[in-house]
There are 2 protein chains.
Amino acid sequence: NLYFSVVDDRGLSWSRGAAEEAEAVAAISCSGHGRAYLDGVISGGGGLPVCECNTCYGGSDCSQFSPSCSADADGGNPLFLEPFWRKRAAASALVVSGWHRMGYSFPDGTSISPELERHVRRLHAAVGNAVTEGRFIVFGAGSTQLLNAAVHALSPDVPSTASTGGGGGGIPAGVVATAPFYPIYELQTEYFASVDFQYQGDTSLWVAGGGNSTSEEKNVPDGKTIIEFVTSPNNPDGKLNEAVLKGPNFKAIYDRAYFWPHFTPIPAADDGELKIFTLSKLTGHAGSRFGWAIVKDEKVYNKMLMYMQLNTMGVSRDTQLRALKLLKTVMAEGGGRTIFDFGYQTMKARWEKLRTVVSRSKRFSLQDVSSHYCVFSGRVRESSPAYGWLKCEREEESDCYGVLKAAGIIGRGGSVFYATDRNVRLSLIKTRDDFDLLVDKLQKLISAEQEEEEEGGDGNG
Amino acid sequence: NLYFSVVDDRGLSWSRGAAEEAEAVAAISCSGHGRAYLDGVISGGGGLPVCECNTCYGGSDCSQFSPSCSADADGGNPLFLEPFWRKRAAASALVVSGWHRMGYSFPDGTSISPELERHVRRLHAAVGNAVTEGRFIVFGAGSTQLLNAAVHALSPDVPSTASTGGGGGGIPAGVVATAPFYPIYELQTEYFASVDFQYQGDTSLWVAGGGNSTSEEKNVPDGKTIIEFVTSPNNPDGKLNEAVLKGPNFKAIYDRAYFWPHFTPIPAADDGELKIFTLSKLTGHAGSRFGWAIVKDEKVYNKMLMYMQLNTMGVSRDTQLRALKLLKTVMAEGGGRTIFDFGYQTMKARWEKLRTVVSRSKRFSLQDVSSHYCVFSGRVRESSPAYGWLKCEREEESDCYGVLKAAGIIGRGGSVFYATDRNVRLSLIKTRDDFDLLVDKLQKLISAEQEEEEEGGDGNG
């Protein structure tokens with residue numbers, strides 16, 4: 001089928017086939033409730049990948065909705081940003097040649113792309129959320145890998161019993177966090193059970209007052225290091241936490257996964273010793289597994305580099321190439337303005353809907369969110385956290401997770417975060433379908449509550 | 001600049017710009033002694049990435065050769081396969097959309113691409129180097145991550161001193177290998193100093209005879225597990241090693257990075273409990289950081305999955321997409337025939353050159369290589385290992401690494417592999433430029449030796 005056509009003079013050669021394939025897959029219709037991927041499972045006859053549908057949608061083109069299906073507000077899949085990238089298909093597309101970076105190292109001998117590092121620094125300068133001048137940057141496979149690398153790097157070297165010869169000695173570091181907190185901190189610390197560090201429970205154990213106030217150390221043996229994970233904004237409740245423990249034996253790892261204008265005003269740039277960021281909640285590319293740590297102390301930096309080398313020999317160069325393309329796209333539009341506008345407007349609209357629904361209820365409440373001056377937007381803003389931290393107010397409903405589950409809403413129980421199941425985390429960052437269904441089910445649950453009340457508390461009457 | 005042209009009717013839309021950009025970068029001339037990458041550092045004016053030159057080549061287009069520069073035969077960069085991929089530019093190109101797999105999971109809830117796993121199984125079936133039927137497959141960031149995941153999974157859970165409550169108890173596993181061996185085994189085991197395992201030196205410590213023969217255990221305390229790393233073909237010397245330790249307390253991790261027809265005849269499929277493969281020495285994409293383990297025991301498999309989850313939340317979905325494209329390209333041509341033909345012919349030709357040069361010398365020798373029937377090629381073949389394991393034969397030249405270095409050849413000293421520096425590993429899998437320069441420098445060194453001998457051993461005469 002050849003024909004004459006007006007084209008520009010930049011004909012494509014080797015990349016044409018791959019481009020056609022990608023466009024054919026992107027053109028597969030999944031009814032707006034799913035998407036097909038290049039590496040999806042191939043369907044029977046056509047040789048094309050199948051549609052992967054949003055929760056509660058099915059059928060070969062995702063057009064079939066299952067009304068009885070539960071709303072899934074469990075995971076942290078950041079698909080609220082997917083429409084942003086679909087609209088920027090041309091700007092964010094990437095062509096990888098078959099011979100792209102086959103070797104281990106960049107020209108400077110490291111496994112860290114200098115161009116990508118430059119773009120990470122540019123991004124922080126534009127957003128104003130982290131000081132990077134004079135700091136070192138380490139890449140990792142998402143923040144996940146960097147969290148444990150940081151624990152290793154901040155811990156003393158404890159000689160294992162089998163080791164011969166000298167070595168610094170010392171006792172294992174304790175690793176702590178303040179509930180409610182992201183469970184990976186404990187799970188990771190315990191799974192990678194090291195002679196150099198141990199998980200040691202809640203920060204309150206080490207605070208003189210025993211409470212939440214910033215405090216000097218108590219009960220810390222001589223020479224023992226305590227490493228505190230600080231998630232800020234916090235997962236699950238969105239609070240802009242600060243380190244609880246302060247003093248010469250305490251070291252903080254700031255998990256800044258959610259410290260972006262989508263979710264929070266940026267009160268000031270994080271100027272701390274060790275902070276960890278990730279692409280997952282910034283551009284929404286959780287699947288890419290790309291994160292970075294910004295480190296002040298060169299010794300800690302070198303230990304983290306060694307961890308990355310011995311654990312995975314650095315981050316996949318394919319991932320670094322993709323992350324670069326994504327950050328370039330982000331920065332090309334108003335120095336990041338458009339993605340943060342999109343993210344913030346989306347999250348703000350979701351919070352307004354959620355709050356409207358929950359405000360009609362006495363049975364449920366949401367966390368308070370704070371307002372701060374935001375250096376990025378130049379005005380005072382309210383937070384729009386990634387998760388609702390819903391509470392069941394009725395004394396008898398201590399299993400709030402179960403209450404929601406019975407109403408067709410799958411959240412994540414507070415006990416997962418070392419709180420109680422009186423709270424449930426509701427993910428607000430998933431697809432629009434997931435969010436709409438969540439609101440719909442909540443609305444029904446709360447309407448039923450209101451009917452009960454109108455009928456004098458006898459819902460069966 | 002518009003003109004009329006014959007084109008087919010498949011016009012491109014969103015992928016065109018990225019395709020043009022990639023082709024423009026691929027068209028940058030680096031004189032055949034380097035290459036430009038899409039994520040290379042941008043040169044001053046033009047906005048295009050700079051050429052990254054092969055060792056000893058420089059200048060903006062890599063055309064300047066530095067004759068005084070040392071041949072670099074140190075690292076394991078598998079760039080001998082780069083020409084294969086350059087010739088298959090169209091078949092191996094990949095277009096990644098901006099919204100590709102943003103979420104954490106594949107539709108089955110895992111972080112492992114079912115299509116990629118299927119292609120891994122197809123590949124092993126075609127090559128005949130590993131039994132995959134009824135086995136589990138775990139993906140990792142190169143073999144590097146999987147090696148430590150396997151050690152974790154095979155070790156008992158030892159309660160750390162701070163742990164409260166029950167737990168299986170037990171004593172830490174010992175991790176061993178037989179010199180000369182790949183140093184990462186020891187470095188990794190020691191860096192991730194765990195309460196569950198410890199590095200405990202050479203296998204010979206645990207063999208009744210103390211020698212190399214397969215043997216029953218000795219000195220193994222009750223309940224102690226010994227984990228043996230077996231590299232086969234071995235790095236550095238290319239030997240088809242078998243586990244030295246056999247008995248109920250011993251578990252082997254087979255590192256099969258080099259078990260491909262490029263480097264060795266395939267005597268039989270590996271039918272063992274736990275074997276680890278990587279893309280690095282198969283397709284040459286070391287920078288992609290992709291490997292897989294084939295595991296028999298479901299419990300071990302589940303522990304490795306947990307490691308991957310808590311360490312990095314699985315392998316980057318971008319990397320998995322790229323690996324799939326590469327394996328598809330490999331399998332599309334004669335079920336892998338062409339890449340292994342290319343790899344084997346390249347390695348064989350390099351070995352012939354190297355052997356011809358070294359055979360003229362009494363001062364140096366190379367390792368013997370074995371011949372076996374190869375189930376893949378259907379005939380008896382000689383090995384063509386990734387590395388030459390060169391020995392200095394003169395008694396006084398115990399620092400063979402230093403002897404070569406003085407002659408402008410950078411190898412990797414035997415002591416790095418827990419042997420002595422009387423041996424030096426010479427990498428034969430790098431670029432053609434690297435190999436040619438290595439042969440050139442060796443030739444000069446050996447010619448000087450012959451001149452010395454002809455002059456009665458007095459080189460200054």
Side-chain angles (χ1 to χ4, degrees), chain A residues 1-2 5-7 9-10 12 14-15 17-20 22-23 37 39 41 52 77 82 85-86 89-90 92-96 98-99 101-104 107 113-115 141-142 144-145 160 162 188 191 193-196 198 284-289 310 312-313 316-319 321-322 324, chain B residues 1-2 5-7 9-10 12 14-15 17-20 22-23 37 39 41 52 77 82 85-86 89-90 92-96 98-99 101-104 107 113-115 141-142 144-145 160 162 187-188 191 193-195 198 284-289 310 312-313 316-319 321-322 324:
Chain A
N1 278 335
L2 300 174
S5 162
V6 181
V7 295
D9 58 4
R10 296 166 299 176
L12 294 175
W14 57 266
S15 65
E20 284 167 357
E23 293 204 5
Y37 294 121
D39 57 357
V41 170
E52 301 183 13
N77 260 346
E82 193 186 41
W85 295 105
R86 285 199 170 264
S92 61
L94 172 68
V95 172
V96 189
W99 63 90
R101 288 214 184 277
M102 296 173 65
Y104 288 97
S113 159
E115 275 295 288
T144 317
Q145 189 181 20
S160 79
Q188 205 179 51
Y191 186 90
S194 167
V195 299
D196 297 337
Q198 292 159 348
H285 293 81
S288 292
R289 312 307 308 128
L310 291 175
T312 56
M313 291 195 184
S316 169
R317 316 313 176 247
D318 304 343
T319 301
L321 176 65
R322 179 123 195 267
L324 176 63
Chain B
N1 279 339
L2 300 174
S5 161
V6 182
V7 293
D9 59 2
R10 297 167 298 175
L12 292 175
W14 57 267
S15 65
E20 284 167 357
E23 293 203 4
Y37 295 121
D39 57 357
V41 170
E52 301 183 12
N77 260 347
E82 193 185 41
W85 295 104
R86 287 198 167 263
S92 60
L94 172 68
V95 172
V96 189
W99 63 90
R101 289 215 185 276
M102 294 174 66
Y104 289 98
S113 160
E115 274 296 288
T144 317
Q145 189 182 20
S160 78
L187 296 172
Q188 208 180 48
Y191 185 89
S194 168
V195 300
Q198 291 159 347
H285 293 82
S288 292
R289 312 307 308 129
L310 291 175
T312 57
M313 292 195 183
S316 170
R317 316 314 176 248
D318 304 341
T319 302
L321 176 66
R322 179 123 195 265
L324 177 63

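Letters A, B, ... mirror the listed sequences (proteins, then strands); counts begin at 1.
For the options B/Glu115, B/Glu23, B/Arg86, B/Glu82, heavy-atom pairs under 4.5 Å to chain A are most numerous at B/Glu23. The most heavy-atom pairs under 4.5 Å with chain B, out of A/Ser92, A/Gly98, A/Gly142, come from A/Gly98. Counting heavy-atom pairs closer than 4.5 Å to chain B, the top-ranked of the candidates A/Ala22, A/Ser113, A/Ser15 is A/Ser15. Heavy-atom pairs under 4.5 Å with chain B were tallied for A/Val41, A/Asp196, A/Asn77, A/Asp318; the largest tally goes to A/Asp318. Taking chain B as the reference chain and counting heavy-atom pairs below 4.5 Å, the highest number among A/Gly17, A/Ala141, A/Ser288 is found for A/Ser288.
To the nearest 0.5 Å, atom CG of residue B/Asp39 and atom CG of residue A/Leu321 are 5.0 Å apart. Taking OG of A/Ser316 as the reference point, atom CZ of B/Arg317 lies at 12.0 Å (rounded to 0.5 Å).
With sequence neighbours excluded, the residues forming a side chain to side chain contact (heavy atoms under 4.5 Å, CB included) with A/Thr144 are A/Gln188, A/Arg289, B/Met313, listed by chain and number. Under the side chain to side chain contact (heavy atoms under 4.5 Å, CB included) criterion, A/Glu52 pairs with A/Tyr37, B/Arg101, B/Pro107, sequence neighbours left out.
Only the side chain of B/Leu324 comes within less than 4.5 Å of a heavy atom of chain A; its backbone N, CA, C and O stay farther away. In this structure, chain B has heavy atoms under 4.5 Å from both the backbone and the side chain of A/Thr319.
Summarising the geometry of A/Trp99 relative to B/Arg322, their closest heavy-atom pair is N-NH2, 4.1 Å, with the distance given to 0.1 Å. Minimum heavy-atom separation, B/Ala18 to A/Ala93: CB-O, 3.5 Å.
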